[in-house]
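Hydrogens, waters and symmetry mates play no part in the numbers below; they use all other heavy atoms, side chains included. We count residues from 1, following the sequence as given.
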Amino acid sequence: MNHVKLVRRPTVAATELGKLPQEIPQIIRQIYLSRGVSVSDELERNLRALLPWQHLNGLDSAVALLLAYQQRRIIIVGDFDCDGATSTALMLRGLKSMGFTQVDFLVPNRFEYGYGLSPEIVKLAQERQGELIVTVDNGISSISGVAAAGDAGIPVIVTDHHLPGHELPDAAAIVNPNLAECDFPSKNLAGVGVAFYLLCALRAKLRENGFFANYPEPNLAHYLDLVALGTVADVVVLDHNNRVLVHQGLSRIRAGRCCAGIQALIEISGKNQSSLTASDLGFALGPRLNAVGRLDDMSLGIQCLVSDDLFQARPMASTMDELNRERKAIELSMQQEAEQSVAKLSFEHQTLPNALALYQSDWHQGVVGLVASRIKEKYYRPVFAFADSDEQTIKGSGRSISGVHMRDLLERIDTLNPGLIDKFGGHAMAAGLSLAKANFPIFAEQLEKVASEWIQPAQLTGSLLSDGELSGDLLSLEFAQLLQKSGPWGQGFSEPLFDGLFWLLDQRIVGQNHLKMTVQPVAGGPTLDAIAFHIDRNCWPDQSVRQVQLAYKLDINEFRGRRSVQLLVQLLNKQDIKSE
C-alpha cells in the first residue's frame with residue numbers, strides 16, 4: 001500500500017522569474033520561487049539581515065535580572081536533545097564571555113527526571129547553591145517547577161520556543177517568540193536561537209552601561225556554530241531569519257572556526273569539514289548528540305560542546321558515536337516489532353486506523369520518538385509510540401502529518417477525557433505525553449475517535465513535491481555543488497527534489513536495509529550511483545526489474561579524496577518493463 005504520491009511543483013511563469021537577479025541560473029530561480037522566495041532581500045545571508053533583537057518580547061526583563069545576578073550563582077537548565085545541548089553550551093560560553101563567573105548547568109536525565117524544569121530539578125539547583133535559574137529550550141510548560149523555584153526564593157528566566165499552554169509559568173521573565181503577545185516576526189526560532197537573541201540583548205545593555213570599557217567585548221558570531229547545529233537538528237522551519245543563522249554558522253564551521261566539540265563530531269562522523277552542509281548537521285552530527293540524551297546523560301554532550309581542547313573532545317565524541325551505533329540497533333529492532341503490530345492492526349481491522357498508538361513493554365523510552373517517525377513515514381498517519389516509564393506509567397512520543405496539529409490533538413483528547421493523560425506538550429508535528437499503563441487501550445481508542453473526526457481520507461496520502469526532471473547535463477558534480485551553495489536547505493525550505501525514469505543497471509543491499517544501485521537516465525545521461533535508505537526487504541532487491549521511477553536529491557559523495565555525484569533516493573517505484 002503506497003501512502004506517498006509524487007507531485008511536481010507548478011512551473012513558475014517567466015514574469016515571476018524576473019523578480020530575482022538574472023545572474024542566478026534560471027533553474028535555481030525556479031526553485032527559490034516555488035519555495036516562496038520572491039524578493040532579493042530574502043536571499044541575503046549576511047548577519048545584517050537578521051531580525052533585530054528588540055522585537056523579541058521579554059528580553060528587557062530577562063537582561064535586567066541577569067545583570068542583577070552577574071556575580072552570583074546562575075544555573076542553566078537545559079533539555080536532553082541536540083537543541084537543548086547546544087542552547088546550554090551557548091549560554092555557558094556566552095555568559096562567561098561577558099563577565100559572569102559563576103555559571104553552572106543541569107540537564108534532566110530523561111529516565112530519572114523527565115523533561116523540563118521540574119520540582120526535582122529545582123532541588124538539585126538548590127543543592128548547587130543556585131541563586132538564579134535560566135531555562136533553555138524548555139520551561140514554558142514547567143508550571144510546578146517554576147512554582148517550586150519561587151517557593152525556594154530562586155527567580156526563573158524561561159527561554160523557550162515550544163508552544164505555550166493555557167497557563168504560563170509564574171516566572172520572573174519569559175522569552176518565547178510563540179507567546180501570543182510577542183510580535184517577533186519569526187515564530188520559528190529554535191531554543192538555541194532564542195538563547196542567542198538573549199545574549200545579543202545582554203551584550204547591547206552591557207555596552208550601553210560602559211562595561212566593555214574595561215572588559216573585552218565578545219563577538220557573538222563566534223558561537224553561531226552552536227546555533228546552526230541546534231537549529232537544523234531541531235527541524236524547525238528554515239525561514240529567512242533561520243537561514244541566515246544556519247548559513248553563518250556553517251560558514252564558520254567550514255572555515256575551521258568552530259568549537260572543539262563540533263570539530264570532534266565532524267571527525268568521528270567522517271565528514272569533510274570544508275564542505276559541510278546543513279544536511280550533515282541534521283543527519284550526522286545531530287544524531288550523535290541526540291543519542292547521548294536518548295540512551296545516557298546529555299551532560300556528556302554539553303561537556304563536549306563547551307570544551308576548548310580537541311584532545312579532550314575527541315574521546316567524548318567517540319563515546320557519542322558508540323551510543324549512536326547502539327541507538328541504531330535498538331531502533332531497527334523496535335521498528336520491526338512496530339511494523340508487526342501495524343500489520344496485525346491492518347489484518348484485524350481491514351483498514352488501518354487514522355492514527356496509530358503502539359506500545360510494547362520492553363521498548364526503549366529514549367527511542368520511541370524515532371520509531372514513531374519511521375512508522376509515520378511508512379504509513380503516513382499520526383503515530384504515538386510508548387514505552388514503560390515505571391511499573392505504573394508509560395511515556396509516549398508522537399509524530400504527525402501535514403495538517404494535523406499533534407499538540408492540539410492531545411489537548412482535544414485531554415478535554416474529552418479528563419485525567420486520562422497525566423501530562424503532555426509539544427509542537428504541531430511532534431509531541432510527548434505520559435499516562436497510566438492501564439489507560440493505554442482507552443487512549444488508543446480515543447486517539448482514533450478524535451483522529452477520525454479531524455482527518456479526511458485524502459490527508460492520509462502524503463505528497464513528495466518534485467522540482468521536475470533534470471536533463472542529463474545537470475546530473476553533474478558542478479550542478480550538485482551549485483545546489484549546495486544555494487542553501488541552506490531544510491524544514492520548510494526543502495532541499496531540491498527531482499524525478500525521472502532510470503535504467504536499473506545494478507542493485508544490492510548494503511548495511512542493514514539500504515539499496516545501493518547503479519542507474520542511467522532513460523532519456524540519456526551519465527551512469528550514476530544511487531542509494532535508497534530503509535527499503536522494504538520484501539520488495540528489494542528485485543533482479544527482474546529493469547526500469548525504475550526515482551524521486552531523488554543530488555548528493556556529493558566523497559571517498560578517498562574523490563568527489564562524485566550520487567542520487568539520494570526518496571521514492572523508488574518499479575516500472576512495468578521487465579527482463580525476458
Does the side-chain contact (heavy atoms from CB on, under 4.5 Å) test come out yes or no for K19 and V39, once each step is laid out? CA-CA 6 Å; K19 293 180 178 180; V39 293; over 6 Å; no
Across all chains, not counting sequence neighbours, the side-chain contact (heavy atoms from CB on, under 4.5 Å) partners of S299 are F105, V107, D297
is_close_aromatic(F184, Y197), centroid dist under 6.0 Å: yes
Atom CG of N324 and atom CG of L289: how far apart are they, to the nearest 0.5 Å? 10.0 Å
Determine, for E16 against R29, whether the closest basic-nitrogen to carboxylate-oxygen distance falls under 4.0 angstrom. no
Distance under 6.0 Å and angle within 45° of the ring axis: does R207 meet both against F211? no
Do the side chains of E558 and R562 get close enough for a salt bridge, i.e. N-O under 4.0 angstrom? no
Ionic contact status for D467 with R35, cut-off 4.0 Å: yes
Inter-residue atom distance C200.SG - L202.CG, 0.5 Å rounding: 9.5 Å
Would F424 and R407 satisfy side-chain contact (heavy atoms from CB on, under 4.5 Å), going step by step from the backbone distance to the final call? CA-CA 8 Å; F424 67 92; R407 190 191 177 282; 4.2 Å; yes
Any non-hydrogen side-chain atom of P496 less than 4.5 Å from a side-chain atom of K553? no
Report yes or no: is the cationic atom of R243 (NZ for Lys, CZ for Arg) under 6.0 Å from the centre of the six-membered ring of F493, at an angle within 45° of the ring normal? yes
Could you tell me whether the side chain of Y115 and the main chain of G432 form a donor-acceptor pair under 3.5 Å? no
For S269, all residues meeting side-chain contact (heavy atoms from CB on, under 4.5 Å), sequence neighbours excluded: K271, A284, L285, R288
To the nearest 0.5 Å, how far apart are OG1 in T231 and CG in L281? 9.5 Å
One pair to check against side chain to side chain donor-acceptor pair (under 3.5 Å): N241 and S186. What are the steps and the verdict? CA-CA 7 Å; N241 203 62; S186 170; 4.8 Å; no
Count the heavy atoms belonging to other residues, nucleotides or ligands that lie under 6.0 Å from CZ of F479, then report whether that count exceeds 12. yes
Please evaluate residues L224 and F196 with respect to the criterion side-chain contact (heavy atoms from CB on, under 4.5 Å), reporting the C-alpha separation (whole Å), side-chain torsions for both, the decisive distance (0.1 Å), and the verdict. CA-CA 8 Å; L224 286 171; F196 180 74; 3.7 Å; yes
Inspect the contact between D308 and R93 and indicate whether a charged nitrogen and a carboxylate oxygen are less than 4.0 angstrom apart. yes
More than 12 heavy atoms from other groups under 6.0 Å of NZ on K187: yes
Contacts of D81 that satisfy side-chain contact (heavy atoms from CB on, under 4.5 Å) - sequence neighbours left out: D79, D83, D137, D234, N290
Working to the nearest 0.5 Å, report the span between CD1 of I262 and CD of Q273. 9.5 Å
Begin with the C-alpha distance, continue with both residues' side-chain angles, and end with the deciding distance and a verdict on side-chain contact (heavy atoms from CB on, under 4.5 Å) for V383 and R399. CA-CA 6 Å; V383 178; R399 298 294 183 270; 5.6 Å; no
Step-by-step side chain to side chain donor-acceptor pair (under 3.5 Å) determination, E377 to H534: CA-CA 11 Å; E377 288 169 5; H534 307 294; over 6 Å; no
Between CD1 on residue I140 and CG on residue N178, distance to nearest 0.5 Å: 9.0 Å
Using a strict threshold of under 4.0 Å (side-chain N to carboxylate O), is an ion pair present between K328 and E331? no
Atom OG1 of T159 and atom CG of L198: how far apart are they, to the nearest 0.5 Å? 6.5 Å
